[in-house]
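Quick notes on the structure that follows.
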Protein chains: 2
Amino acid sequence: MRSVNDPAAKGKGPPGDTEAAMKPAPASRTEAVQEALRQAIIEQNLRAGARLPEDAIGDTFGTSRTIAREALGRLAVEGLVELKPNKGAFVANPTLEEGRDIFTVRRGLEQTVTGLLAGRLTPDQVAELRAFNAKERAASGVNERESIRLAGEFHLVLARMTGNQLLIRYVTEVVSRCSLILAMYGRPHSADCGVDEHAEIISVLEEGDATRAMHLMDHHLESVAGRALLEARSQHDIRDLLAPYAAKVREQFE
Amino acid sequence: MRSVNDPAAKGKGPPGDTEAAMKPAPASRTEAVQEALRQAIIEQNLRAGARLPEDAIGDTFGTSRTIAREALGRLAVEGLVELKPNKGAFVANPTLEEGRDIFTVRRGLEQTVTGLLAGRLTPDQVAELRAFNAKERAASGVNERESIRLAGEFHLVLARMTGNQLLIRYVTEVVSRCSLILAMYGRPHSADCGVDEHAEIISVLEEGDATRAMHLMDHHLESVAGRALLEARSQHDIRDLLAPYAAKVREQFE
DNA sequence: TCTCAAATTATTGCATGCATTTAGTGCACG
DNA sequence: CGTGCACTAAATGCATGCAATAATTTGAGA
């Protein structure tokens, strides 16, 4: 029987959740599995391109294939999973080019977030953001994994403050996928350079200069993407450079 | 047995498809049903808020509930369907406020599209856009339904020209949902005022002034949303104004 | 030994069936 | 006559089973 990178998937469990009550108990098992798979993918416990057999997932989560299948279908809509007819589901394996496309969309979305927020943050919200930024700073250099997670989460916090549900959903999606991409192509420590930039963004958002805030955010994301995606080419050895292409070829014949 | 607005759903069928071979035979039945439901929702053959019982859909399409269920789940991710635990699926019934949120996101996305395209269109692409615009003009005032469809399609054509898959997916989604919203809240003829604006956008994209093109696009979308969503308040009678609120209340208790 | 083909195994695609939950109906009681 | 409760009916949530498709192995022939 297949095992979906078994030790990683069920060996450590979700990191931050000590209480089950924290998340409002996923309505259905499908959603629970969907959420779990999403986390596993984002945290790279499921390698990009890895097979995701329905029965293995069902076994792992103690449900039937039906649930696994449905969760995979929905994740496919989100872009984290690729569904090949009669072949099965695979963890999305974005190429460098797809990665750039995703970052392009992300920059646009986050400009919208920034524009909506500039000058409209309540003092409470500013305080919350600064507190979050402090957490980022604390984790920076100490816990690499946590640092990366927080860096992404910061952008989610901003998006949530807009109250725009669709915007929240899209930003959540692109941040997820960017995490995956950064993990695939980013060089180590490429993610936590953003702490100071985040702080500056908070300040400008508070001041209310929308144009400057948007430029700042755009520059921030461009530099994150640049550090991760462009420099990756000269940074890594040839195997990494060829990996995505090799993957494309492989999937064509498998 | 329930019937999912039966006559509309199966009484007329998809409009343009005279041959089944035109679309390369949807990979799976799930996708086929998903696509069909999406069309039915966008074209308002399924009223906003309408129940979508699994077995009725299965019967209608000649498949089992499993397929219907899966399709509904995926449409829920797209935002066209709302899933209520233990209650079933419903056609999304966006409030006016949600409508504005969606238009906000759309404006951001289409600015990205415009920015990517400005000055980078090939002569062939420009020709294709002008031809499309001509079709729009021909339909304008003649065929209301077709006119609305083309107005939305124009933006999809633009998005596809970026070649950015994620951007295409998001624009497709927001255009779908905006169609639904315009159909719900827009006053008649509010959609086909855009023919000239589309033509102007094409010209500026060709010239290559990215900033101006983006402003133009933004203004275009703002005016479409404004015509439809803001004026709706003073235009219609009180029942329409209260409808979304009533819907919210209703769904809370049903 | 290599190649190609047939059979075997594994996995997806889909339908059906059962348990659980919700909505609706009717009857008893106040 | 109105209210509340039990009962019935219906729809969802989920698991299982079977057929079809793809991957793998085996074996025969060159």
Side-chain angles (χ1 to χ4, degrees), chain A residues 1-6 9 24-37 46 49-77 81-92 247 249-254, chain B residues 1-6 9 24-37 46 49-77 81-92 247 249-254:
Chain A
M1 165 133 5
R2 207 69 53 73
S3 67
V4 194
N5 289 0
D6 226 358
S28 66
R29 301 184 200 195
T30 298
E31 280 178 49
V33 172
Q34 186 182 357
E35 181 65 26
L37 284 176
L46 295 172
R51 276 205 70 169
L52 296 170
E54 296 172 357
D55 53 1
I57 294 170
D59 286 351
T60 306
F61 288 97
T63 73
S64 74
R65 287 195 305 123
T66 306
I67 304 302
R69 185 181 175 77
E70 205 167 318
L72 289 170
R74 297 189 193 178
L75 288 171
V77 175
V81 159
E82 191 175 352
L83 241 43
K84 303 183 191 177
N86 288 322
K87 293 249 210 98
F90 300 79
V91 177
V249 172
R250 225 180 293 129
E251 91 189 21
Q252 194 174 353
F253 291 102
E254 80 183 348
Chain B
M1 169 152 336
R2 207 67 55 73
S3 67
V4 195
N5 289 359
D6 224 356
S28 67
R29 300 184 202 195
T30 298
E31 280 178 48
V33 173
Q34 186 183 357
E35 181 65 27
L37 285 176
L46 295 172
R51 276 205 70 162
L52 296 171
E54 296 172 356
D55 53 2
I57 294 170
D59 287 352
T60 307
F61 287 98
T63 73
S64 75
R65 286 196 304 124
T66 306
I67 305 302
R69 184 181 176 76
E70 207 167 316
L72 289 171
R74 297 190 192 178
L75 288 171
V77 176
V81 159
E82 192 175 353
L83 241 43
K84 303 183 190 177
N86 288 320
K87 294 253 209 93
F90 300 80
V91 177
V249 172
R250 225 180 293 129
E251 89 189 22
Q252 194 175 352
F253 292 101
E254 81 183 347

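Within every chain, numbering begins at 1; the chains are lettered A, B, ... in the order of the sequence lines, protein sequences first and strands thereafter. In what follows, every heavy atom counts, from backbone to side chain, and hydrogens, waters and symmetry copies are set aside.
- When rounded to the nearest whole Å, the span between CZ of A:R65 and C1' of C:dA10 equals 11 Å.
- Taking NZ of A:K87 as the reference point, atom CD of A:E82 lies at 9.5 Å (rounded to 0.5 Å).
- In this structure, A:E54 atom CD and D:dC14 atom P are separated by 16 Å, rounded to whole Å.
- Residue B:L83 contributes atom CG, which lies 16 Å from atom P of D:dA11 at whole-angstrom precision.
- Rounded to an integer number of Å, the gap from CD of B:E70 to P of C:dC14 is 8 Å.
- Atom P of nucleotide D:dT16 and atom CZ of A:R29 are separated by 11 Å, given to the nearest angstrom.
- Taking every side-chain heavy atom of B:T63 into account, C:dA15 is the closest of D:dC14, D:dA11, C:dA15.
- Distance B:R51 CZ to C:dG24 C1': 12 Å, rounded to the nearest Å.
- When each of B:N86 and A:R69 is assigned the nucleotide of DNA chain C bearing its nearest heavy atom, the one mapping closer to the 5' terminus is A:R69.
- Comparing D:dA23, D:dT16, C:dA23 by their nearest atom to the side chain of A:K87 picks out D:dA23.
- The two residues B:I57 and B:A68 have their closest heavy-atom pair at CG2-CB, 3.6 Å.
- Contact record, B:L72 with B:V81: O-CG1, 4.0 Å, taken as the closest heavy-atom pair.
- The side chain of A:T30 sits closest to D:dC14 out of D:dC14, C:dC14, D:dA23.
- The structure places CD of B:E54 at 11.5 Å from CD1 of B:I67, a figure rounded to the nearest 0.5 Å.
- What separates CD1 of A:I67 from C1' of D:dG13 is a distance of 7 Å, to the nearest Å.
- Protein atom CZ of B:F61 is 16 Å distant from nucleotide atom C1' of C:dC14, rounded to whole Å.
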